[in-house]
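Note on naming: letters A, B, ... go to the chains in the order of the sequence lines (proteins, then strands), and numbering restarts at 1 for each one.
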There are 2 protein chains.
Amino acid sequence: MISLTEENYLKALFHLSAGQGGKREAGTSELAEHLSVKPASVHDMLKKLKEKKLVEYEKYGKISLTTSGRNRAVEVIRKHRLWETFLYDKLGFNWDEIHEVAEQLEHIRSAKLIERLDKFLGYPRVDPHGDVIPNARGEWPKQVRTALTEATVGQVYKVLAVQDNSPVFLQQVIKSGLKIGARIRLVDRSAFDGMMEISINRSRQAISREMGGCIFVTEC
Amino acid sequence: MISLTEENYLKALFHLSAGQGGKREAGTSELAEHLSVKPASVHDMLKKLKEKKLVEYEKYGKISLTTSGRNRAVEVIRKHRLWETFLYDKLGFNWDEIHEVAEQLEHIRSAKLIERLDKFLGYPRVDPHGDVIPNARGEWPKQVRTALTEATVGQVYKVLAVQDNSPVFLQQVIKSGLKIGARIRLVDRSAFDGMMEISINRSRQAISREMGGCIFVTEC
DNA sequence: TATATAATTTAGGTAAGCCTAAAAATTAAA
DNA sequence: TTTAATTTTTAGGCTTACCTAAATTATATA
Ligand SMILES: [Mn+2]
Ligand SMILES: [Mn+2]
Ligand SMILES: [Mn+2]
Ligand SMILES: [Mn+2]
């Protein structure tokens, strides 16, 4: 049996290291930061997760998920994104409200429930924030995504996804009129503060560096 | 903040004392039995719930819910029954599978979620087992229900509800062809073992005392 | 390379929910 | 009414998931 807390550690580890971006290995402090606990607590939990063969970890060494740990993490992420889709598509929740509730729903244990939910939603391939939903076997159609901060000035892009976990950010995106799937052109980026200007169906929009880091696009 | 465990204690107390049947006050051991914990654990929790003004309780005295405690219990029961309805009506779960999953879902915290779910389901008045769903203000349309074991031989009844928490019982009910809303006549009851015979659309069906105690009917 | 800074680990502690075993109070039986 | 059985409460412990403070190791800087 794997606890709700353990699931959250595995999910955090996945997002920090094995995740989409495929960043470097995460450290104790970074994990602690991400989970809003202290590094000492993370260390305790890592020992337990190692015991259970869900992570690989040596003292002062790097932390990584085992195949089993990764599978569990992906399962939780799949549930999270299906629930977000349910709340958005079926119950009419707003973009910025669904993540928090999905953080709870993702821990409900029932294989049948998630199967049936998937079917009920029509086997969606992305969640309302544009994030890919892994299938029942934990497979990802790996999408190539670039943060707007890394995009090339002059290029035309399609908005693929947005960061899902900050309501204030999402409210600002809603106000800006930007939507998943929108076609935009990166008009300019300031060398001073990273401030960007994009054109979206003929109108201009200012995007800060902070904002741009949370918006993911793909060339088109 | 009220924990998942505390919610389960309040719900158990409600079902044992303030509930539908409106039975006598529950004792420590009865509560313990119902929650599958030991009486000593119940005692610990009762002290905490008294602190929080959710139950009234004096040493060696009777246990009862405060208005606040009762309200919380009803809220959880409302959520439980709405989720059961969702699983049954929308996801096509079987009668005997929904209770267990609803035991988890009933603890999800989001006022908006439960409001929207209620609307999505079309404001159902009873759950799939025939139990009344309290409204958003915690009000019950109090239904008069008699266990089949207490019913009068010769009378015609309508099946109102069945006990929801035993999959094997529910599977047996499904096999017997008995459904919520069905019109039945209690043909006979043995003075020896309480065994009953009912007629349901012209066919005869044998019902044990154990079974009859879990089937609730109303005169019609 | 030596030293300062930062990250990690250890040690010792807390609160929630559970347990067993024993003591105390209540209730039922003789 | 006295004794026996049952129920409830107390005492002391355990596990999970946190914490702070101090020690240790690793990394960056001079
Ligand atoms: Mn999310
Ligand atoms: Mn979570
Ligand atoms: Mn139920
Ligand atoms: Mn419950």
Distance, rounded to the nearest Å, where L4(A) contributes CG and dT15(D) contributes P: 21 Å

Whole angstroms only, please: what is the CD-P distance between E33(B) and dT8(D)? 12 Å

Is the distance from OP1 or OP2 of dT6(D) to the nearest side-chain N or O of S29(B) less than 4.0 Å? no

Please report the distance, rounded to the nearest Å, between CD in E7(B) and P in dA16(C). 16 Å

G61(B) or E6(A): which one's nearest nucleotide on DNA chain D is closer to the 5' end? G61(B)

Are F93(A) and F86(A) near enough that their ring centres are under 6.0 Å apart? no

Does the side chain of S3(B) get closer than 4.0 angstrom to OP1 or OP2 of dA16(C) through an N or O atom? no

For a quick check, with a 4.0 angstrom heavy-atom cut-off, what is the B/S/- contact string for nucleotides 18-26 of chain D, read 5' to 3'? BBB---BSS

Taking atom C1' of dT10(C) as reference, at what distance in whole Å does atom NZ of K47(A) sit? 8 Å

For F216(B), the ring pair (Phe, Tyr, Trp, His ring centres under 6.0 Å) test, sequence neighbours excluded, returns none

For the pair made of NE2 in H43(B) and C1' in dA24(C), what is the distance, rounded to whole Å? 12 Å

Using the test ring pair (Phe, Tyr, Trp, His ring centres under 6.0 Å), find all partners of H99(B) that sit at least two apart in sequence or belong to another chain. H80(B)

Please state how far atom CD in E30(B) lies from atom P in dT6(D), giving the value in whole angstrom units. 17 Å

Can E106(B) and K11(B) be counted as an ion pair, charged N to O under 4.0 angstrom? yes

So, Q163(A) and H129(A): side-chain donor and acceptor under 3.5 Å apart, yes or no? no

Distance, rounded to the nearest Å, where L46(B) contributes CG and dC18(C) contributes C1': 14 Å

Do R78(A) side-chain atoms and P134(A) backbone N/O form a donor-acceptor pair below 3.5 Å? yes

Using only atom types and a distance under 3.5 Å, with no angle test, would you say the side chain of S190(B) pairs donor to acceptor with the backbone of M195(B)? no

Distance check needed: dT7(D) P versus I63(B) CD1, whole Å only. 13 Å

